[in-house]
Chemist: 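Sharing a structure with you now.
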Amino acid sequence: MHVVPWRRAELQFQCVAQPQPQQAVGAVLRTANAALPVLAPAWQALLHGHCAGIEHGGGEAEPGAIVAWVVGAGGRRDRQAAEKQRRPRGRGERTPGRGRVRALVPVSAKIHCFAPSSSEEIMTVRTRFAPSPTGFLHIGGARTALYCWLESRRRGGQFVLRIEDTDRERSTDAAVQAILDAMQWLGLNHDEGPFYQTDRLARYRQVADDLVAAGKAYYAYETKEEIEAMRDAAMARGEKPRYNGHYRDRDEPLRDDPNRVIRFRNPTEGAVVFEDKVKGRVEWSNSELDDLVIFRSDGWPTYNFAVVVDDIDMGITEVIRGDDHVNNTPRQINIYHALGARVPEFAHLPMILDKEGKKLSKRTSAVSVMEYRDDGFLPHALLNYLVRLGWSHGDQEIFSREEMIALFDIADVNKAASRFDTEKLAWLNQHYLKTDDPQALAPEFAWHLARAGIDCSGGPAPADVIVALRDRVHTLKEMAERARIWYAPIAEWDDKAVVKHLKNDTAVAVLDAARGLLLECEWRPEPIHRVIEQTAARLELGMGKIAQPLRVAMTGTQVSPSIEHTIYLAGRGEALKRIADAIAMAQG
RNA sequence: GCUCCCUUCGUCUAGUGGCCCAGGACACUGCCCUCUCAAGGCGGGAACACGAGUUCGAGUCUCGUAGGGAGCACCA
């Protein structure tokens with residue numbers, strides 16, 4: 001794609017201060033800064049309005065005049081791309097460095113605004129997520145889906161879900177369902193679909209036939225062995241394995257043959273150029289490309305063909321997908337051209353690696369989104385983590401859904417691959433555990449309790465448990481485990497804890513005193529806290545001497561949330577019973 | 001092998017030629033707080049892959065080197 005300059009700012013500067021070697025830099029800058037307000041509108045455009053480059057005025061322009069090109073379409077990438085384009089020029093006429101612009105005083109500044117010239121400016125944005133159902137939704141796919149979703153939401157467009165199931169061997173209904181479930185759990189709702197490629201076979205057939213009829217594709221009959229031999233021969237010559245175009249210009253009559261495929265007649269000359277929103281300008285010589293198969297001998301279209309037909313039919317304007325597809329893009333663009341269709345924008349996202357910097361794999365880390373649910377992560381924590389992996393907005397770490405939608409821009413995504421860091425995810429997860437409304441968290445927590453085999457019907461309200469534990473755990477799974485003590489009797493006593501905190505001189509007195517006060521007090525954490533303080537005051541003991549025996553009595557261990565919460569959550573009856581048991585144990 | 005892509009603290013990142021002897025966050029670590037464990041508060045160590053070039057000035061622009069990745073299917 002090319003950059004469409006639709007606004008153009010013309011700034012004219014008079015040269016008053018040319019930086020000289022050794023000259024105080026400050027003096028020059030001061031001159032420049034004084035000039036800034038004069039050209040505020042144009043300067044704003046330069047700074048914020050996607051400046052594509054700065055040029056000396058043409059031949060007729062006054063000496064020192066500077067013209068800035070401002071593009072409407074994108075951000076940083078467009079600028080970089082535009083700079084690359086203007087770069088080739090003679091050494092003698094170097095473009096003035098931008099720093100030097102500040103050393104010039106403007107005599108006039110005007111911006112010409114043209115109405116959007118191409119249809120793409122007006123068209124609503126449509127993105128799509130197109131997984132192939134050969135397994136669960138993995139982390140990389142989830143981020144791609146998130147970015148697609150975000151981009152369509154921010155720009156008021158539509159998000160389409162498409163299932164790419166033309167690989168009949170590996171696609172399963174279970175995988176489709178797993179992906180749908182994961183998308184729903186993450187809350188990435190789609191506006192259209194899911195569309196299934198297997199439902200669209202007739203359409204692919206028709207488009208392929210049209211291409212053949214138009215001479216833009218042709219039948220070929222090589223066997224797989226012949227193709228393989230071709231590839232080996234090319235490799236042996238040190239070349240890239242490519243189809244040799246044997247049937248390209250044969251014009252053989254159509255015949256039935258188990259090896260019959262349709263190949264796309266790829267241009268042999270020239271190059272394919274596109275502006276990737278993430279990677280910047282990508283250029284590909286057509287001589288690197290061969291005539292790819294678009295229809296297989298089994299009667300199904302290949303991926304590269306089906307995506308293009310689908311994306312055209314579904315009106316996709318932004319193709320956002322994994323890095324591994326960059327190499328396919330030039331081929332696909334050629335197909336767009338052959339079909340006379342408008343080429344969408346492309347954005348290829350860098351990979352997500354594991355902690356060691358290797359490809360994510362089941363062996364080293366959790367890869368399925370639903371596995372993260374099982375491990376006790378919140379969907380919005382995962383989303384927040386994912387959105388920051390390869391993208392940022394200044395120093396901000398925490399993003400609500402609304403903020404993500406408002407702030408995200410696919411053009412700001414980084415180019416380099418990033419590593420998945422479970423510890424940072426855990427931190428985010430705890431952040432949301434601490435700040436979310438416990439009531440809102442309760443259903444997901446109850447799901448984890450049930451999953452841990454805990455019957456929460458007779459125990460404390462899940463929301464109360466969340467409040468007591470959220471400062472102490474990173475995941476809901478961990479929280480469910482720690483919550484067990486309030487839903488079931490103490491299963492195991494920590495001997496060390498018993499010896500240290502129950503079998504001592506003061507424990508019985510403490511437990512007895514606390515029991516007396518607990519019998520009467522109002523059953524909420526705050527009054528219970530006051531009971532503990534009263535006990536300490538009455539017995540003239542430190543809080544440690546009071547809280548620890550009670551803690552052991554309540555949990556059988558020396559670790560738990562604050563003592564008032566620990567007691568409160570047990571409920572009055574159970575708390576008193578456990579204290580009585582502990583007194584017996586201390587005396588026995 | 002060929003083509004394309006990438007490179008700032010251990011990790012995620014800020015960075016648009018002077019605001020940078022590089023900022024934030026996670027992790028690590030010291031102190032404070034404290035009924036345990038945490039959480040929290042205040043500190044600390046820690047990076048521009050390397051080499052040339054352009055420039056008065058380079059993390060930022062150019063070229064090269066090294067390292068890493070992806071693709072090269074009748075898989076998506």
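Chain A is the first sequence line, chain B the second, and so forth, proteins listed ahead of strands; every chain is numbered from 1.
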Chemist: Would you say the side chains of A/Tyr568 and A/His529 form a donor-acceptor pair under 3.5 Å?
Modeler: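 No, no side-chain donor-acceptor contact under 3.5 Å.
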Chemist: Hey, is the side chain of A/Gln396 pairing donor to acceptor with the base of B/G24 inside 3.5 Å?
Modeler: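 No.
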Chemist: Any side-chain N or O of A/Lys240 less than 4.0 Å from the OP1 or OP2 oxygen of B/U3?
Modeler: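 False: A/Lys240 side-chain N/O out of range (4.0 Å or more) of B/U3 OP1/OP2.
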Chemist: On a whole-Å scale, what distance lies between the P atoms belonging to B/G17 and B/C74?
Modeler: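 Their P atoms lie roughly 46 Å apart.
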Chemist: Would you verify whether the NZ or CZ of A/Arg205 falls within 45 degrees of the ring axis of A/Phe295 while also being under 6.0 Å from that six-membered ring's centre?
Modeler: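 A/Arg205 over A/Phe295 ring: yes.
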Chemist: Quick one: A/Phe295 CZ to B/C75 C1', roughly how many Å, whole number?
Modeler: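 Going from CZ in A/Phe295 over to C1' in B/C75 covers 16 Å.
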Chemist: If I take atom CD in residue A/Gln548 and atom C1' in nucleotide B/C35, what distance separates them, rounded to the nearest angstrom?
Modeler: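 The answer, rounded to whole Å, is 6 Å.
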Chemist: Is the shortest side-chain N/O distance from A/Ser392 to OP1 or OP2 of B/A14 below 4.0 Å?
Modeler: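 Looking at the OP1 and OP2 atoms of B/A14, one of them is under 4.0 Å from a side-chain N or O of A/Ser392.
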Chemist: Determine the Euclidean distance between corresponding P atoms of B/A58 and B/U16; express it in Å to zero decimal places.
Modeler: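 About 16 Å, rounded to a whole number of Å.
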Chemist: Using the C1' atom on both, measure B/C28 against B/A66 and round to a whole Å.
Modeler: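 After rounding to an integer number of Å, I get 30 Å for this pair.
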Chemist: Without decimals, in angstroms, what is the distance between A/Leu360 CG and B/A70 C1'?
Modeler: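 Checked: the CG to C1' distance equals 15 Å.
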Chemist: Round to a whole Å and report the spacing from CH2 of A/Trp284 to P of B/C72.
Modeler: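 Nearest whole value for this atom pair: 11 Å.
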Chemist: Using the P atoms only, state how far B/A22 lies from B/G45, rounded to an integer number of Å.
Modeler: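 Going atom to atom, P in each nucleotide, I get 11 Å.
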Chemist: Please determine, for the side chain of A/Glu164, which listed nucleotide (B/A76, B/U3, B/G24) has the closest atom?
Modeler: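 Selected nucleotide (nearest to the side chain): B/A76.
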Chemist: Could you list by number each residue of residues 466-485 of chain A showing a heavy-atom separation from RNA chain B of less than 4.0 Å, or answer none if no residue does?
Modeler: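 Contacting residues: A/Asp471, A/Arg472.
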Chemist: Mark yes or no: A/Arg263 above the aromatic ring of A/Tyr247, with NZ or CZ under 6.0 Å from the six-membered ring centre and no more than 45 degrees from the axis.
Modeler: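 The answer is no; the distance or angle limit is not met.
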Chemist: Rounding to an integer number of Å, can you tell me how far A/Ile532 CD1 sits from B/U36 C1'?
Modeler: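 Distance check: A/Ile532 CD1 to B/U36 C1' gives 13 Å.
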Chemist: Looking only at atom P, what distance separates B/U60 and B/U54, rounded to whole Å?
Modeler: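 Going atom to atom, P in each nucleotide, I get 15 Å.
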Chemist: Who is the Watson-Crick or G-U wobble partner of B/C33, with both distances under 3.5 Å?
Modeler: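 B/C33 is unpaired by these criteria.
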Chemist: Mind checking the P distance from B/A49 to B/U11? Whole angstroms is fine.
Modeler: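 Per the computed distance, 12 Å lies between those P atoms.
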Chemist: For nucleotides B/G1 and B/U29, find the distance between their C1' atoms and express it as a whole number of Å.
Modeler: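 Rounded to whole Å, the distance is 49 Å.
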Chemist: Can you check whether A/Tyr218 and A/His246 have ring centres sitting under 6.0 Å from each other?
Modeler: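 No; A/His246 has its ring centre 6.0 Å or more from that of A/Tyr218.
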Chemist: Taking only N and O in the side chain of A/Lys434, is any of them less than 4.0 Å away from OP1 or OP2 of B/G40?
Modeler: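 Yes, A/Lys434 has a side-chain N/O under 4.0 Å of OP1/OP2 on B/G40.
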Chemist: In whole Å, what separates the C1' atom of B/G24 from that of B/A47?
Modeler: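 B/G24 and B/A47 have their C1' atoms separated by 14 Å.
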Chemist: Within this structure, what is the CZ-to-P distance between A/Phe305 and B/A76, rounded to whole angstrom?
Modeler: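 For the pair A/Phe305 CZ and B/A76 P, the rounded distance is 13 Å.
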Chemist: Angle class for the A/His393/A/Phe399 ring planes (parallel below 30°, perpendicular above 60°, tilted otherwise)?
Modeler: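 The arrangement is perpendicular - the two ring planes meet at more than 60°.
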Chemist: With a cut-off of less than 4.0 Å, is there a side-chain N or O of A/Asn328 near OP1 or OP2 of B/C72?
Modeler: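 Checking A/Asn328 against B/C72: no side-chain N or O falls below 4.0 Å of OP1 or OP2.
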Chemist: Any donor-acceptor pair under 3.5 Å between the side chain of A/Glu423 and the base of B/C12?
Modeler: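 No such pair is found, so the answer is no.
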Chemist: Does the plane of the ring in A/Tyr147 sit parallel, tilted or perpendicular to the ring in A/Phe408? Use 30° and 60° as the thresholds.
Modeler: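 Aromatic pair A/Tyr147/A/Phe408 classed tilted.
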Chemist: Give a yes/no on whether any side-chain N or O of A/Thr166 is located under 4.0 angstrom from OP1 or OP2 of B/A76.
Modeler: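 True: A/Thr166 side-chain N/O within range (under 4.0 Å) of B/A76 OP1/OP2.
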Chemist: Would you mind reading off the distance between A/Ile352 atom CD1 and B/U13 atom C1', rounded to a whole angstrom?
Modeler: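 Checked: the CD1 to C1' distance equals 15 Å.
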Chemist: Using only side-chain N and O atoms of A/Arg231, determine if any of them is under 4.0 Å from OP1 or OP2 of B/C72.
Modeler: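 Result: no.
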Chemist: Do the side chain of A/Asp324 and the base of B/G71 come within less than 3.5 angstrom through a donor-acceptor pair of N or O atoms?
Modeler: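 No.
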Chemist: Can you check whether A/Arg321 has a side-chain N or O nearer than 4.0 Å to OP1 or OP2 of B/A76?
Modeler: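 Negative; the distance criterion is not met.
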